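By convention in this document, chain letters (A, B, ...) are assigned in the order of the sequence lines, proteins followed by strands, and residues within each chain are numbered from 1. Just so you know, these numbers come straight off a predicted model, no measurement behind them.
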Amino acid sequence: MKNSLMFMYHRLVRHFGPLHWWPADSPFEVVIGAFLTQNTAWRNVEQAIAALKQHIPLTPAALCALPKETLEALIRPAGFFRQKAQRLQLFAQVLQERYQGDLDAMLSGPLPRVRQELLAFKGIGPETADSILLYAAQRPSFVVDAYTRRLLQRYGLLRGIENHEEIRALFMDHLPHQAALFNEFHALVVEQCKTFCRKRPLCESCPLQSRCAARL
DNA sequence: TTCCCGGTCC
DNA sequence: GGACCCGGAA
């Protein structure tokens, strides 16, 4: 398993080169992006964040102070804007009250404990929690999303019945816990799935073709 | 104009 | 399983 994952990683690095994730100016902007990108194409999230940035500095305090209706209107392009606005503000509020707005303080401490705390928020599921941990705090928590499942399944590393935590464990149990590695690996998986391993796959020029089960 | 895509909560 | 929602492709 370790060898399969590392082979895949190196092939993807060779094809896509180093990616620069996560595109954001601050850790708190990563958090906002992590909420907004749920079930949403990144291009729409960019619009929403750009609009938001024009109105307020992207800080927990400013987000709390913004009227809910205004926030909803600004992040509208990201979809699910009512629930995302409400959940983002709730998160910002708790961050203010418990940690005086200090994201680093919230995200430091033993990884499993911090992860559990994140998962307790309404609007933070496993993918969002791990995105925040990895990309806002450089903590080695592997991010699994729909792309990851599809790629691994087609490649032949899953039977198809594994749940989210089991897929995450595949990476966590077989790779060194290095934030830089996890960061790049997830970014490469996303790029790979947008380019080749799409819903309707383009196997012809895929960098993983030679060892992919779907292609054999 | 309909259809598709993507996380989380209930 | 259904609800939440957009932009863009078909």
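Per the geometry, CG belonging to A/Leu36 stands 13 Å off P belonging to B/dT8, to the nearest Å. Distance CD (A/Glu127) to P (B/dC9): 12 Å, rounded to an integer number of Å. Atom P of nucleotide C/dC5 and atom CD1 of A/Ile75 are separated by 10 Å, given to the nearest angstrom. Rounded to a whole Å, the CZ atom of A/Arg168 is 16 Å from the P atom of B/dG7. At whole-Å resolution of the value, CD in A/Gln47 and C1' in C/dC5 are 14 Å apart. Across the protein-nucleic acid pair, A/Gln86 atom CD and B/dC9 atom C1' stand 11 Å apart, rounded to whole Å. In this structure, A/Phe35 places its CZ atom 13 Å from C1' of B/dC9, rounding to the nearest Å. Between A/Leu88 atom CG and B/dC9 atom P there is a gap of 13 Å when expressed in whole angstrom units.
Every residue two or more places apart in sequence or in another chain was checked for a side-chain contact (heavy atoms from CB on, under 4.5 Å) with A/Leu90, and none qualifies. Taking A/Gln38 as the reference, A/Thr128 meet the side-chain hydrogen bond (donor to acceptor under 3.5 Å, both in side chains) condition, with sequence neighbours excluded. The ring pair (Phe, Tyr, Trp, His ring centres under 6.0 Å) test applied to A/Phe7 returns no partner, not counting sequence neighbours. With sequence neighbours excluded, the residues satisfying ring pair (Phe, Tyr, Trp, His ring centres under 6.0 Å) with A/Phe121 are A/Phe91. Among residues two or more places apart in sequence or in another chain, the ring pair (Phe, Tyr, Trp, His ring centres under 6.0 Å) test is passed with A/His15 by A/Phe196. A/Ala41 is linked by a side-chain contact (heavy atoms from CB on, under 4.5 Å) to A/Asn44, counting only residues two or more places apart in sequence or in another chain.
Among residue pairs with one or both ends in residues 170-196 of chain A, those qualifying as side chain to side chain donor-acceptor pair (under 3.5 Å) are A/Tyr135-A/His186, A/Asp145-A/His186; sequence neighbours excluded. Residue pairs meeting the side chain to side chain donor-acceptor pair (under 3.5 Å) criterion with at least one member in residues 85-102 of chain A, sequence neighbours excluded: A/Tyr99-A/Glu117.
Judged purely by distance below 3.5 Å, without hydrogens or angles, the side chains of A/Arg168 and A/Ser141 pair a donor atom with an acceptor atom. Side-chain contact, A/Ser210 with A/Arg11: a donor N or O sits under 3.5 Å from an acceptor N or O.
The side chain of A/Arg43 lies closest to C/dG7, out of B/dG7, C/dG7, C/dC6. Looking at the side chain of A/Gln38, the nearest of the listed nucleotides C/dG7, B/dT8, C/dC6 is B/dT8.
Listed by residue number, the members of residues 112-124 of chain A with any heavy atom below 4.0 angstrom from DNA chain B are A/Phe121, A/Lys122, A/Gly123, A/Ile124. Non-hydrogen atoms lying under 4.0 Å from DNA chain B are contributed by A/Ala146, A/Tyr147, A/Arg150, all within residues 146-163 of chain A.
In this structure, A/Arg149 does not pair ionically with A/Glu127, as no charged nitrogen and carboxylate oxygen lie closer than 4.0 Å. At a threshold of 4.0 Å, the pair A/Lys84-A/Glu72 does not count as salt-bridged, since none of the basic side-chain nitrogens sits closer than that to a carboxylate oxygen.
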For this session: Let me have DNA chain B in dot-bracket notation, would you? Count Watson-Crick plus G-U wobble pairs, both distances under 3.5 Å, and use [ ] for pairs crossing earlier ones and | for inter-strand partners.
Result: ||||.|||||

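Taking every heavy atom of both residues into account, A/Phe28 and A/Ala92 meet most closely at CZ-CB, 4.4 Å.
Taking only side-chain nitrogens and oxygens, A/Thr40 never comes nearer than 4.0 Å to OP1 or OP2 of C/dG7. The phosphate of B/dC5 has OP1 or OP2 within less than 4.0 Å of a side-chain N or O from A/Lys199.
Rounded to a whole angstrom, the distance from the P atom of C/dC5 to that of B/dT1 is 23 Å.
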Problem set entry | Derivation of the side chain to side chain contact (heavy atoms under 4.5 Å, CB included) call for A/Ile75 and A/Ile32 | CA-CA 10 Å; A/Ile75 68 172; A/Ile32 294 173; over 6 Å; no

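A/Thr37 comes within 4.0 angstrom of nothing in the nucleic acid, heavy atoms only.
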Return the polar atom pairs (N/O with N/O) between nucleotides 1-4 of chain C and the protein under 3.5 Å, or none.
from: C/dC4; atom 1: O2; to: A/Gln83; atom 2: NE2; distance (Å): 3.3

